[in-house]
Amino acid sequence: MPELLNLTGMSLEFGGVRALDQVSLSVHTGQIYGLIGPNGAGKTSLFNLITGLYRPSQGEIRFKGDSLLGIAPQHIAQRGIARTFQNIRLFAEMTLIDNVMVGMHTHLAYRFWDLLLRSRPFRHAEVQARKQALTLLERVGLSPYAHALAGTLSYGNQRKLEIARALAMQPQLLLLDEPVAGMNPTEKNDIQDLIRSLRAQHLSVLLIEHDMRFVMGLCDALTVLDFGRVIAQGSPQAIQENPAVIAAYLGEEVPHAE
Amino acid sequence: MNWADWWATYSTLVLSVGVYGMMALSISLTLSCGLLTLANAAFMGIGAYVSAIATTTFDLPFSEALLLGTLGSTCVALLIGLPVLRLSGVYLAMATLGFGEVVRILLLNLDITGGPLGLNGIPSLTQWWHVLAALLGTVFLLQCLRLSRIGRAFEAIREDETAARLMGISTHPLKLLAFVTGASIAGLAGGLNAHYTFTLSPGNFGFENAVDILTMAVLGGIRGLPGPLLGGAIITLLPEVLRDLQEYRMAANGLILILVVLFLPQGLWDLPRIRGWFKRA
């Protein structure tokens, strides 16, 4: 499998605080890659680095072989990286279908004069986009609410809409930041199935999640972060047995005082 | 009173309803991207002065004068917009307000603009159908934008600019587009305005006018195109309706604005809320 995303020696500093310290990982095409670790380990910071919101103090990010350093967030998105947010960032006062169609912005290739003349390419592109948006909403189970405002959705449904909006960008790499937080077990299963179906379409997924059952059942490979450092990397099986990981999550065993 | 008399008395008012409808639409364009800019009065002033100088000093035909006025404000907006739109929120409002003052003071001190006396004896060339055509053209343009990817991108930028950028939207060019298009509309409105008021003075396009234009859009609401038109008509007609209040007119204006912001935060044209009232009734 070819390498899609490669991070080498990424460090990020806020003032004197090291949020990330020499993090390296690589995601292959068609892989579901998990990023786990306790709160404050630097997982979301890593997403912000990849999507261009933060600049690393050290290290290199390569996507399809090209460096992403110094590229503006919108151009990174145009290259094929889409993401969702831990603290949901939908366009709350827009309808569901419009939210998804914003995701298609860069793929709606009509010119300014097409739009003014309401020419055939314009109408065709808009009608197609609307259809695709409805299909995507159907895929995440939200088509009944297509014309409701995004802000009126329940928490779990807002997360689903974020995924639909990100998929509308037709990305090659999808970054999901806690996609099932606040969802019930049935919804979690639905999302798991959805992510598996994305893998079947050769889409790569990098996801942050605290639900261990979800992560272990879904991911092909994992990286565990703690205090900004990689403490373990490997298959779900290997991670579950890794003493450093167990220590980070459960605390270290203190020998009993004699 | 017959039709001709009525028109002789009220034509200025009727034309102003149309022109200020355009002004309210022009500021609603930047508001719809979440940008609070207060330069629209200044762009109107540039359009008015440029086209008035074109017809009086250079004897150009009205159509060319209007075109020059529109182009003038468009070009200035491009130059100002490039640096200023890097700002946001209150800072953007302050920068555009500052620009408005610069324009006013230039108009006040230049020779070609007639200094503090302004321009007088501008030919009365604006016909009612000029204003109507310009207004309909503006509505058509904005409606086309609203129903396209550009309109959706504007809304997305207003809702969450960072999220919009992460959707691959280049926000800076789009903000510039909104700002410059708004300035073009304001420039055209200014040119039309100059040719039915006969005189122009620098004070017409200062802070008070900038706030009036903002008030129109906020009062009407920016969720649809009828909102700014409604707001523009109300604020233009209000001084006539409240003529008996004389110097308390401005206070009444302010009071109305406070009431609207408190009870109709989305403005008068707020369809979901209006539907809600009917459902309850």
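All chains are named by letter (A, B, ...) in the order of the sequence lines, taking the proteins before the strands, and each is independently numbered beginning at 1.
Looking at F122(A), only its side chain comes within 4.5 Å of chain B, counting heavy atoms on both sides. Using a 4.5 Å cut-off between heavy atoms, A92(A) contacts chain B through both its backbone and its side chain. Within the 4.5 angstrom heavy-atom criterion, only side-chain atoms of M169(A), from C-beta onward, approach chain B.
In terms of heavy-atom pairs under 4.5 angstrom with chain B, the leader among L90(A), L53(A), N99(A), I81(A) is L53(A).
F112(A) has its side chain within reach of L145(B): a pair of non-hydrogen atoms, C-beta onward, lies under 4.5 Å apart. Using a 4.5 Å heavy-atom cutoff, the side chains of L166(B) and Q74(A) are not in contact.
At most 12 heavy atoms of other shown residues, nucleotides or ligands fall within 6.0 angstrom of atom NE2 in H124(A). The environment of Y145(A) atom OH is sparse: at most 12 non-hydrogen atoms of other residues, nucleotides or ligands sit within 6.0 angstrom. Few gaps surround CZ on F14(A); more than 12 heavy atoms of other groups in view lie less than 6.0 Å from it.
The pair R223(B)-E93(A) meets the salt-bridge criterion, since a charged nitrogen lies less than 4.0 angstrom from a carboxylate oxygen. Comment: E161(B) does not engage R89(A) in a salt bridge, judged by the lack of any side-chain N to carboxylate O separation of less than 4.0 angstrom.
Rounding to the nearest 0.5 Å gives a distance of 8.5 Å between OG of S148(B) and CG of L116(A). To the nearest 0.5 Å, atom OG of residue S170(B) and atom NE2 of residue H105(A) are 7.0 Å apart. Atom CD1 of I97(A) and atom CZ of R152(B) lie 9.5 Å apart (nearest 0.5 Å).
The contact list for residues 173-189 of chain B toward chain A, using heavy atoms and a distance under 4.5 Å, reads L174(B), L177(B) by residue number.
The only option from V102(A), L115(A), L108(A) that meets the side-chain contact (heavy atoms from CB on, under 4.5 Å) definition with R149(B) turns out to be L108(A).
Between A156(B) and M94(A) the shortest heavy-atom distance is N-SD, 3.9 Å. The shortest non-hydrogen separation linking E126(A) to L147(B) is OE1-O, 3.8 Å. Scanning all heavy atoms of the two residues, the minimum distance from A77(A) to R165(B) falls at CB-O, 4.1 Å.
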Show the numbers, then the answer: is there a side chain to side chain contact (heavy atoms under 4.5 Å, CB included) between M167(B) and F91(A)? CA-CA 12 Å; M167(B) 305 282 106; F91(A) 308 120; 4.3 Å; yes
